[in-house]
There are 2 protein chains.
Amino acid sequence: MHTAPPDPANLFARRQQVAEALRAVLPARCVLAEPEDTRPYECDGLAAYRQLPMVVVLPDSEAQVIAIVNVCRQLQVPIVPRGAGTGLSGGAMPIADGVVLSTARLNQIIRMDAYSRTAVVQPGVRNLAISDAAARHDLYYAPDPSSQIACTIGGNVAENSGGVHCLKYGLTVHNVLRVRMVTIEGEVVELGGESLDAPGLDLLAVFIGSEGMLGIVTEVTVKLIPKPSTARVIMASFSEVGAGCNAVADLIAAGIIPAGLEMMDQTSARMVEPFCKAGYDTEAAAILLCEADGTPEEVEEDIARMTAVLQAAGASAIAVSQNEAERLRFWSGRKNAFPAAGRISPDYYCMDGTIPRKRLAEVLAGIARMETKYGLRCANVFHAGDGNLHPLILFDANQPDEFARAEAFGAEILAMSVEVGGTITGEHGVGIEKINSMCEQFTAQELEAFFAVKRAFDPLKLLNPDKAIPTLNRCADMGKMRVTGGVLKFPDLPRF
Amino acid sequence: MHTAPPDPANLFARRQQVAEALRAVLPARCVLAEPEDTRPYECDGLAAYRQLPMVVVLPDSEAQVIAIVNVCRQLQVPIVPRGAGTGLSGGAMPIADGVVLSTARLNQIIRMDAYSRTAVVQPGVRNLAISDAAARHDLYYAPDPSSQIACTIGGNVAENSGGVHCLKYGLTVHNVLRVRMVTIEGEVVELGGESLDAPGLDLLAVFIGSEGMLGIVTEVTVKLIPKPSTARVIMASFSEVGAGCNAVADLIAAGIIPAGLEMMDQTSARMVEPFCKAGYDTEAAAILLCEADGTPEEVEEDIARMTAVLQAAGASAIAVSQNEAERLRFWSGRKNAFPAAGRISPDYYCMDGTIPRKRLAEVLAGIARMETKYGLRCANVFHAGDGNLHPLILFDANQPDEFARAEAFGAEILAMSVEVGGTITGEHGVGIEKINSMCEQFTAQELEAFFAVKRAFDPLKLLNPDKAIPTLNRCADMGKMRVTGGVLKFPDLPRF
């Protein structure tokens, strides 16, 4: 069982012991133990939290992953798996007396099969590299997180990543057919298969999004789909945020599933327009981008139907991209919202709540009230179609209490998301960032169900411990234990 | 821990004890303990296997489900949950000293929300009753197992049921948003939610298809989708089975996802035609039915594209339904294949293997060889689009060894399915029927991963024990343990 980290004096000796044991089973180049070598691994995309790992390992093969797991299990060293380190919730944050297992060298595309439309890849293959390799068959891998140029499929599996097209094409869990992984026992297990359904428990789905807590991915079989021959996007302006939100609900209610359905508020549009020249209406209270893709006939029909719904919903202006260059220009503002935020504000904090679509207007009004309460601006860009908000809270970390206020602002947005029937994360994962908010999302019984499954895979709690699921003690300490359905009955509370 | 059943003398006393304990917490009408009352529950759709249960309970409410679970846990009585009993793999087969928990009285539609396109229903609501209730909003629930007039949503969740439209619209797991369930601890847990992704482990997916082994469903939130305004079906004849199989692969490779894509061999067509007058070409070696649905423009485009692919693949005749009556007639043969088999043969045994689409021709040739080997005829109808075969092995149970030969024939089909990279069940579940074939499908490590999750939910092994997952001892006894990836290393083998 992983316990409290040893004191610094002991940590040095422990590092020697662990590095030596790992070097006995791995080539020397695969083990980094000096702080100057391990420094690049001290944080992921949630850069506000940093911790130097004890040792970093970069295996070349599945056999080496098994060797690493066996050493770490025998010495009871926790393992933090890491993809490209682009995650935004601190899922790959190191542990002081733990090993970071980077999949960077497991970067081979093993097989590409145009006939079955699948690719078998190692976990360190970049998301976009799969689509690049499939392009010669006119196929691509659908989930497109905004970090897709850098993030890896292993990290996508850990976080169940989405992207702007996930309303129509689904998340990672909908596009991965099979995962091969090494358990903490050092055994190789394959989850899933190429059929629609498989016998036995659906452990593939529970594994995807499990944030590195159940095993180490060594191979992923992904679904490839044909590249749509055409895509066009509508840019619609609304003079009231509420009308824009209602338009989103109306599109869905009309039976239309756009390939992308994104919304930006005025703060966002004004933030990106000088930077991107996307042609956004900076006088509008909200801008909607609605994309259709498919054959030219399908696209034409969808554009006509969406235009009619947007007009009926009160759009003050509507433009449709007339060619691919214009389509990319319409998207450029949305896709560059994060760098644009970095341009106008020293720091920003990106949230990731998801809410029922029909509560969009109300939640945006709540966020506007919080801007006053916390004295911070917030730019709202979001995947409107699936209700996944990405409020960007703008702050300056050099001002004494602004980071604390930004954190409190973010936590209140998540609490409101849960209150209206939503969740605390749409696609970025829980990691360490949102672990306290999990106490508001789930009851003790539900958290215990998570822990029971975690224990089933990792009884010694060595795989990415203390991430994603808060202990019941932690929730009780926060005074935030959610209780539904009557009495809180929990005979053997903090087993984990 | 559930152990071997007591001998008959003790069983009577045990039944009295359990029935009394249940009547102390339930209205008398909810507890059946006399053999004349429990007889209707002695089997499900796999009628070849029968066992009288000790007691049957029919709760009216979730509170009663909790009370039943608490009594059974305290007295260590196994519980077999049961929906409509239409399952084909024996998942609801009773246990001699166990309780059958029927959800028949939990049959209320709790909420129907056209705006969010969801329905919240109790587990005993029939599959078709949901679509009937949603019809006034022009919505329906997509998964349509052939038993949909009788089977319940709770049973669909247990088996992850599909249907002829699942290639396009998905299985139960793709159409259920949330499950509320009672754990063996008597606690209520909600799994899933209305967002695309939810934080924490994806226990909803592992629960769906878990064949009653993880908890008792008390409420299900399903997704509703708009009824397509139009549907048309193509009926294509092929003079060689292989050409028909290739046409299926070509359709998928062309980027077309038909609403339904079904195939019948000549034996099936000749079996159903005199009965249904569907207009099938009984000289063809294989018949394909390919449906398109959507707006009239979408359907017209899809029909044109599918027709071109079928012609290029060498179809000897093609007919397209010209109206709804004709569409239903084309389908009538396929939908009545099972009753037609019952008409020409005293008994039939329906298999449910799934194989990679590109191996279809080869597997059908293998089945043809087995017809000779076992001296039994086999009619092949199947969900060609997703590679899900339903070979109907025709036999006469009154002939001394025909049932045994039919069972061996079926087992060999499943073994071949695994060998070509497929699975032993597409949509009917494992239950007791295919439990031995699970040893061929999975390695010891993979079976242990299933058991570890099962133990996490049900450490006393009271929920539908001895179904769906074979113990490692059982596999070892059969000499069928699959070993991949090196040495079989299993320190604590038969914990379960």
I need the residue from [options] with the largest number of non-hydrogen atom pairs under 4.5 Å to chain A.
options                                : result
B:Thr295, B:Val173, B:Thr183           : B:Thr295
B:Gly421, B:Gly426, B:Gly429, B:Pro226 : B:Gly426
B:Lys358, B:His174, B:Glu62            : B:Lys358
B:Gly200, B:Gly209, B:Gly170, B:Gly294 : B:Gly200
B:Val430, B:Leu171, B:Asp386, B:Ile355 : B:Leu171

Pick one of side chain, backbone, both or neither for [X], based on which atoms fall under 4.5 Å of a heavy atom in chain A.
X        : answer
B:Asp250 : neither
B:Asn160 : both
B:Val189 : both
B:Leu214 : side chain
B:Glu300 : neither
B:Ala114 : neither
B:Ala468 : neither
B:Tyr115 : side chain
B:Leu201 : both
B:Glu298 : both
B:Pro356 : neither

Sub-3.5 Å donor-acceptor pair from the side chain of [X] to the main-chain atoms of [Y], do we have one?
X        : Y        : result
B:Thr218 : B:Arg180 : yes
B:Asn156 : B:Thr172 : no
B:Gln445 : A:Val188 : no
B:Asp458 : B:Ile184 : no

May I ask you to say whether B:Glu440 pairs ionically with B:Lys434, meaning some side-chain N is under 4.0 Å from a carboxylate O? no
salt_bridge(B:Glu194, A:Arg357) N-O dist < 4.0 Å: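 Result for this pair is no, no salt bridge flagged.
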I'd like to verify something: which residue of A:Thr354, A:Leu203, A:Ile208 has the highest number of heavy-atom pairs under 4.5 Å with chain B? A:Leu203
Among A:Glu297, A:Met438, A:Arg117, who wins on heavy-atom pairs under 4.5 Å with chain B?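 The option with the most such pairs is A:Arg117.
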Any ring-ring contact (aromatic ring centres under 6.0 Å, His included) involving residues 421-440 of chain B? Give me the pairs, sequence neighbours left out, ordered by first then second residue.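 Listed by first then second residue: B:His390-B:His428.
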A:Ala63: partners by side-chain contact (heavy atoms from CB on, under 4.5 Å), with sequence neighbours left out: A:Ser61
Stepwise, does the side chain to side chain donor-acceptor pair (under 3.5 Å) test hold for B:Asp113 with B:Thr118? CA-CA 5 Å; B:Asp113 181 346; B:Thr118 56; 4.7 Å; no
Separation between OG1 of B:Thr443 and CG of B:Leu447, rounded to the nearest 0.5 Å: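 Here the rounded value is 6.5 Å.
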Which heavy-atom pair separates B:Phe457 from A:Val453 by the least distance, and what is that distance?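 It is CE1-CG2, 3.7 Å.
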